[in-house]
Amino acid sequence: MIQTIDVTKIFNRGAANEFASVRGVTLGVTAGEALIIKGPSGSGKTSLLSLMGCMSRPTSGRIRINDPDLAVKLGAELGASLEIATLPERFLTLIRRQMFGFVFQQFNLVRGISALENVMLPMYPTGEHRSAIRKRAEELIAEFGVAHRATVRVELLSGGEQQRIAIARALVNRPKVIIADEPTAHLDTGLSREFLEIAAALKTSGTTLIIASHDPLVCQAPFVDRVEEIRDGLLVRPGSAG
Amino acid sequence: MTCWLNRQLNILDYTITSLLRRWWKNLSLIFIYSVLVFVIGSVMFFTRAMQREAKLILADAPDLVIQRLVAGRHDPIPLARAEKIRSIRGVSAVSPRLWGYYFDRINGANYTLQGADDRGLLPGDIDIGAGIARSRKIEAGDIFSLTDSNAIPQVFQVRKLFDAASDLLTVDLMIMPTEDFQSFFDFPADRATDFAVSVRNPREIATVAGKIVELFPDSRPIMKDEILRTYASIFDWRGGMMIVMVAMAVLAFVIFAWDRASGLSAAERHEIGILKSIGWDTGDVLSLKFWEGAVISLTAFLAGILAAYAHIFLMPAPFFSHALKGWAVLYPSFRLTPYVDFSQVAVLFILTVLPYLAATIVPSWLAASVDPDAAMRS
Amino acid sequence: MIFNPAIIALLLSSTATAGLLVYAAVIGIQVLHGWNPLSGSEGQLLLERKTSLVSTILGYLLCFHLVALMLFIHTADALHPLFTGAMCAAGTLNVNGFGYPALLLKLFNTLAAGLWLIINHADNQVHDFPLVRPKYAALIVMAPLAALETFLVAGYFTGLKANVITSCCGSLFGGDQGTFAGGIASLPPMPATATFYAAAFVTLAAAFFVWRWGRGAILLAVAGMITFLAALVALISVFSLYIYEIPTHHCPFCLLQKEYNGIGYLLYSLLLVGSVSAAGSGLLQPARKIPSLGRTLPSLQKRLALAAFFSIATFTLLVTLKMMTSSFRF
């Protein structure tokens, strides 16, 4: 479904502080798979996630996305197999909106507005009618059992509630792929287990999961199909010198 | 199209919640902004209303006034000339006018004194303007004294006051019978201050004026058109001067707005990062910033323009009528007729909103160009 | 120079507009220099983001242009009492040699900003930035024109001296005189009307063709421009008479005065929208050869054709109604 071919991401190119956070990574994920990317902090996990999630463009290499629905939505001109490495940001955003849901390390909820509005936020630029967006967000919040907290400002929610709102927000656009960056890094064991339960349920319903984590709890979770390790921007393959 | 509209509405909706969330931060900006709109709006409303007022007053003024100049100074004109002027082709009437100024020591004001027989005033009677009545604390029927040119106090009885709602010109006006006027000022009986000349065909005014100058080379013709033009340019000029002075304030405001727009707080930067990571495009954030500017501008613009309207038309322009009117010590407390048109609003828009928008384009764009994965890296 | 708030505002808006456009042109030069869509470098990403800055600037500019254009005519109109012989904007603009060139250039710059935004919109539909070079090259041409406009506007207003005897619409558009404008006014009514209706008919037909079958955009553009000119000529020589109901009044500016219920604003807006849409539709035609645009352009051209159709049709309908209900007869 998503395939990176020899991608490299270099920051501050040409400057004294130039560094390569991802170096020649070739990695694929198939539809419905649960992939864990493991590695210490600073290993390039986040960069790789942002490349796979169409958040940034690689300095070199190619990234392909294969999805029939996406091709329909974006119009035939881009074809069924998208080469996204050179697409303008505008189109990357469009793909991101169609395909991906993101769960961040610290939830990254927008403070000062209600939980419901936080869930609705990703849908605002899609041009759907506000009432439709609201309905969808309310459904999700109810599904996660926090409907009674919908109008509360997010900073007043408990950690568990914030986590559910963050996941609900990631799901509001009906993504095929959920990308999570160190989702359990700041959670206690109870909340981490809760997250894993939700993740497992998502996988059962057919969602592709790409999770960056070095939490053993996550890496050893039963629903995980594959664990890839990254170190200094390079994939560590079993058998290779690493 | 509906998609585009919905998108803008959704973003506008978020803009408003987000502005309300930080209302205290935007309050100073909106306040300064609306003060600016208020000041410029007041200047424009005021000068425009004054121009209109002058035009209305002058609507009744004679087409042509003939004065006599002696050694380059205005001098009473012999009544005998009236007949000769009347015999010029195209002239329909010549009426001699008597008027002058009177300096009132009691309150240091100048009054306009006029002599007229067509109002049915009896000797000793006088009609006065509301401004004089107010400053001397008198009413109709009261006795009231003026010092004549021989320093002898003369007593007059006030017959009536001019209607306060009437006009700028009658506020400091006093009218007395011709004979009283002549004796009060020791004015020669065979002279008039000037002649008001009526001309049948308005196109011939200039020709008639030329003929009069030919006949009496020491006379000075004043055409109504010229007065109108002078009024118009004086008020334009005063308004323009005020705005040039205010320009410094506009500049300061633009710098303030630019600084405010470019100095994003860490929290705001983080928030834009989140928005971009969850699927907002640079264009969407730019729309957000546009709506933010539009809401702020509209609020400030409306507040400022309403305040200016109230200041000029509902109150007697307390803040700067002195600076703009400035021709007599006795300020009339008249109400200007409300008059606002498209061009005034457009001018206000260009002088205030345009600089604000122009100053915030680049900072908005800088804010919107946060990397989408910035939220992941924080 | 006459000093009045509207003049200060116009000078400010002209300067600000030109300044922004020059800034956009500088970005345009950077883009033309460093553009490489195949590169994933940070430099290219920055340039791509700058293109969104330029589109935003142009969007604002179009809005400023429209307000300033209306205010310019309005101000010229309001100043007429200061000039002997001037009865409306037509006379005031004639006070010195800068007036009409300034107005025409302002009109042209507004049209150019509108067309640029149409092309930009088309370019944004696809992923490979096919029109970047022509777009930014156009900006580099537009910037000096905006600067020239500022110069003309400043020259016009500083050159205004009250009480210059000027010829107004009565004499300027009064026919039987050597001036160009007089020539337009004295055109025989039948051919002028016929030319307008013929041009409008061709435009409408072409617009329908483009909308229905996606062909004939070039014809639409040419016909649209001809309709624009023919409509202006017909407005001066024929339609104005029906609207003013005075047999000698040919002025195109008095239409904007309050006495005529602002019908001028409506007519001119329709004409502007109609001709810009028509021209935009045709201007995009050569770009259909580009493979990526070839798929998205036809629908955009159709929408433009539709806009042109409705604006021109409404304009035609309005003037026809006005002619039928007017008490004026040749």
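The sequence lines fix the lettering, A, B, ..., with proteins before strands; numbering per chain opens at 1.
Crowding of C:Phe151 atom CZ: a count of heavy atoms from other residues, nucleotides or ligands under 6.0 Å not exceeding 12. With a 6.0 Å radius and a threshold of 12 heavy atoms from other residues, nucleotides or ligands, B:Phe256 has its CZ atom above the threshold. Annotation for B:Trp258: atom CH2 does not count as buried by contact number, only 12 or fewer foreign heavy atoms lying within 6.0 Å.
Interatomic distance, CE of B:Met44 versus CD1 of C:Ile8, reported as 10.0 Å (0.5 Å rounding). Rounded to the nearest 0.5 Å, atoms CG (C:Leu71) and CD1 (B:Ile350) are 5.0 Å apart. In this structure, B:Ser343 OG and C:Asp77 CG are separated by 10.0 Å, a value rounded to the nearest 0.5 Å. Taking OG from B:Ser364 and CG from C:Leu53, the interatomic distance works out to 9.5 Å, rounded to the nearest 0.5 Å. The distance from atom CZ of C:Arg49 to atom CH2 of B:Trp365, rounded to the nearest 0.5 Å, is 8.5 Å.
Residue C:Ala16 touches chain B through its side chain alone, counting heavy-atom pairs closer than 4.5 Å. The part of C:Leu20 that comes within reach of chain B is its side chain, from C-beta onward, which places non-hydrogen atoms under 4.5 angstrom from that chain. Interface residue B:Asp371: backbone and side-chain heavy atoms are both found under 4.5 Å from chain C. Contact of C:Tyr265 with chain B is made through the side chain alone, with heavy-atom distances under 4.5 Å. The contact between B:Phe290 and chain C is made by backbone and side chain atoms together, counting heavy-atom distances below 4.5 Å. Heavy-atom distances place the side chain of C:Thr56, and not its backbone, under 4.5 Å from chain B. When heavy atoms are compared at a cutoff of 4.5 Å, B:Thr282 approaches chain C solely by way of its side chain, counted from C-beta outward. Only the side chain of B:Leu286 has a heavy atom closer than 4.5 Å to any heavy atom of chain C.
Of the listed residues (B:Leu348, B:Ile40, B:Leu354, B:Val250), the one with the most heavy-atom contacts under 4.5 Å to chain C is B:Leu354.
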Let me see the working for C:Phe64 and B:Leu357 under side-chain contact (heavy atoms from CB on, under 4.5 Å), right down to the final yes or no.
-> CA-CA 10 Å; C:Phe64 296 168; B:Leu357 291 180; 4.1 Å; yes
Just do the side-chain contact (heavy atoms from CB on, under 4.5 Å) check on B:Val362 and C:Tyr23 with the steps written out, would you?
-> CA-CA 10 Å; B:Val362 174; C:Tyr23 179 71; 3.9 Å; yes
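You'll find the side chain of C:Leu12 reaches within 4.5 Å of the side chain of B:Pro355, heavy atoms only.
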